[in-house]
There are 2 protein chains.
Amino acid sequence: MESTFLKLKENERELRKSVLIEAAMNLFSKKPFHEIGMRDIASEAGVSAASIYRYFASKDDLYVEALIIDIGKIIKKLDEMEKRSIEKLAITVVDYMFDQEATFQLMCHFLVRGEEASAALEKFHSVQILFVKEFNRIVKDLTGEKNKEFHSEAFFASLAGVVMMFRNYPVLTKKERRELMHKIALVIIEKGKPVI
Amino acid sequence: MESTFLKLKENERELRKSVLIEAAMNLFSKKPFHEIGMRDIASEAGVSAASIYRYFASKDDLYVEALIIDIGKIIKKLDEMEKRSIEKLAITVVDYMFDQEATFQLMCHFLVRGEEASAALEKFHSVQILFVKEFNRIVKDLTGEKNKEFHSEAFFASLAGVVMMFRNYPVLTKKERRELMHKIALVIIEKGKPVI
DNA sequence: TGTACATCAGTGAACGCGCGTTCACTGATGTAC
DNA sequence: TGTACATCAGTGAACGCGCGTTCACTGATGTAC
């Protein structure tokens, strides 16, 4: 009985956390990443900034948990993808990173800062490893080949680089940028031909 | 006579600018990118923070000019490379981005922030286009093929992605990370085989 | 040669702001006896 | 049933700090006549 109550409370706590995380994720598409502060997230969620610290140790801690949930969604999306092919995988990944400002910004936020060695960064590193493994599994499932592990790592890293490089590419419209990224993604996976 | 004096003055001004830029570039390897402020750059250069604003309109303006100079150096380095091959090109690019913290951070700084539309960002966009063209030229010179333009774009973007993804990859030592990145870079250019 | 003026590098101090985070407190709910 | 106590979500206000940038000013150098 007691433990059930405790569990309910724990669930409720998790729910509250995810409300805060979703508020943050919402904001990312409304406001430039670097202009978002704790007060913004709080008011988006309808609470005070101080409240957030009941649930997260720091801003980076909230961010890393947000990214974890988001990565879970990507993995799920890739797993449930219909008519799976390596081309479709690439397009889906590129589109996700292009459209979900939150995902991309959070990913860069943690990837680009090295050093520092905070608790949040350690958490991120665990997720990073986990994601690489999951992505590798998905690629393996798809190709059936016993390809060496670093191939799928090369694959994802390349796609990430393409999105980073061209998501704000000048002159082009958003639509053209998307098409360019798709084109390049297909170049990357083009089989049996020189890549460059 | 007058115009000579004016020119000398202009030269001196450019020299002073480059002193500030070099001070900033120096700092990037000493201190995490996001902890560097105008006062740091100023004291590294031996002037006051206010002085910087005699030469640069803003922090981002200084940064973008620093990046321009750095990109010039990369292009020069790639052009002067001995025993040129596409493999060596890849390794050189990867190493440069891995070792020159300044280059990598500045590149990400401008690539990741979109929107905003500041004067500095517009400057960056010109350089971005210019760099893509130069890099394309180098790749073309090297391969001799009439490869389509987006191939060299795919190539560089992939390498950038690899560095972003693995430069702080946990568990591994710095040496192992470098080796991993080299390995992946070679996978990316591996010809006549499936990329993934 | 001397004097008045213009130019501009350089600066210390301050402005103004916003940030992440903490504190002391309230009030609601559940628990113990 | 009532009372004392514990727990904890939530908060307004403040802390403390550092940032990019501006301002009013000094002083050196060059120019004009």
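The basis for the numbers below is simple: all heavy atoms, side chains too, and nothing from hydrogens, waters or symmetry mates. Reminder, nothing fancy here: chain letters follow the sequence lines and each chain counts from 1. In this text the structure is predicted, and so the values were computed from the model without any measurement.
- For the side chain to side chain contact (heavy atoms under 4.5 Å, CB included) test, residues two or more places apart in sequence or in another chain that qualify with A:Glu176 are A:Leu172, A:Thr173.
- Under the side-chain hydrogen bond (donor to acceptor under 3.5 Å, both in side chains) criterion, A:Tyr96 pairs with A:Asp70, sequence neighbours left out.
- Checking the phosphate oxygens (OP1, OP2) of C:dC8, no side-chain nitrogen or oxygen of B:Arg13 falls inside 4.0 Å.
- For B:Ser48, the side chain to side chain contact (heavy atoms under 4.5 Å, CB included) partners two or more places apart in sequence, or in a different chain, are B:Ala50, B:Ser51.
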Pairs of donor and acceptor atoms involving the side chains of residues 159-169 of chain A, under 3.5 Å and at least two apart or interchain, shall be tabulated with distances.
{"residue": "A:Arg167", "atom": "NH1", "partner": "B:Val112", "partner atom": "O", "Å": "2.9"}
{"residue": "A:Arg167", "atom": "NH2", "partner": "A:Glu101", "partner atom": "OE1", "Å": "2.9"}
{"residue": "A:Arg167", "atom": "NH2", "partner": "A:Glu101", "partner atom": "OE2", "Å": "3.1"}
{"residue": "A:Asn168", "atom": "ND2", "partner": "B:Leu111", "partner atom": "O", "Å": "3.2"}

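- Within the structure, every pair that satisfies the ring-ring contact (aromatic ring centres under 6.0 Å, His included) test and touches residues 107-131 of chain A, not counting sequence neighbours, is listed here: A:Phe33-A:His109, A:Tyr63-A:His109, A:Phe110-A:Phe124, A:Phe131-A:Phe135, A:Phe131-A:Phe156.
- Residues passing the side-chain hydrogen bond (donor to acceptor under 3.5 Å, both in side chains) test with B:Lys73, sequence neighbours excluded: none.
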Where protein sits on nucleotides 15-22 of chain D, one letter per nucleotide: B base, S sugar-phosphate only, - none, heavy atoms under 4.0 Å: ----SBBB
Polar atom pairs between nucleotides 25-28 of chain C and protein, under 3.5 Å, N or O only, would you list them?
none

Bracket string, DNA chain D, 5' to 3' - pairs by Watson-Crick or G-U geometry under 3.5 Å, | interstrand: .||||||||||||||||||||||||||||||||
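- Evaluation of the side-chain hydrogen bond (donor to acceptor under 3.5 Å, both in side chains) rule for B:Glu65 yields B:Lys17, B:Lys123 as partners, not counting sequence neighbours.
- Listed pair A:Ser51 / D:dG10 fails the phosphate criterion, with no side-chain N or O lying under 4.0 Å from OP1 or OP2.
- Within 4.0 Å of B:Phe56, counting heavy atoms only, lies no atom of the nucleic acid at all.
- Applying the side chain to side chain contact (heavy atoms under 4.5 Å, CB included) test to A:Arg54 and every residue at least two apart in sequence or in another chain returns nothing.
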Intermediate values then yes/no, side-chain hydrogen bond (donor to acceptor under 3.5 Å, both in side chains), B:His151 and B:Asn136: CA-CA 8 Å; B:His151 279 207; B:Asn136 187 44; over 6 Å; no
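- With D:dA9, C:dA9, C:dG12 as the choices, the nucleotide that has an atom nearest any side-chain atom of A:Tyr55 turns out to be D:dA9.
- Every residue meeting the side chain to side chain contact (heavy atoms under 4.5 Å, CB included) condition with B:Arg16, not counting sequence neighbours, appears here in chain and number order: B:Glu12, B:Tyr55.
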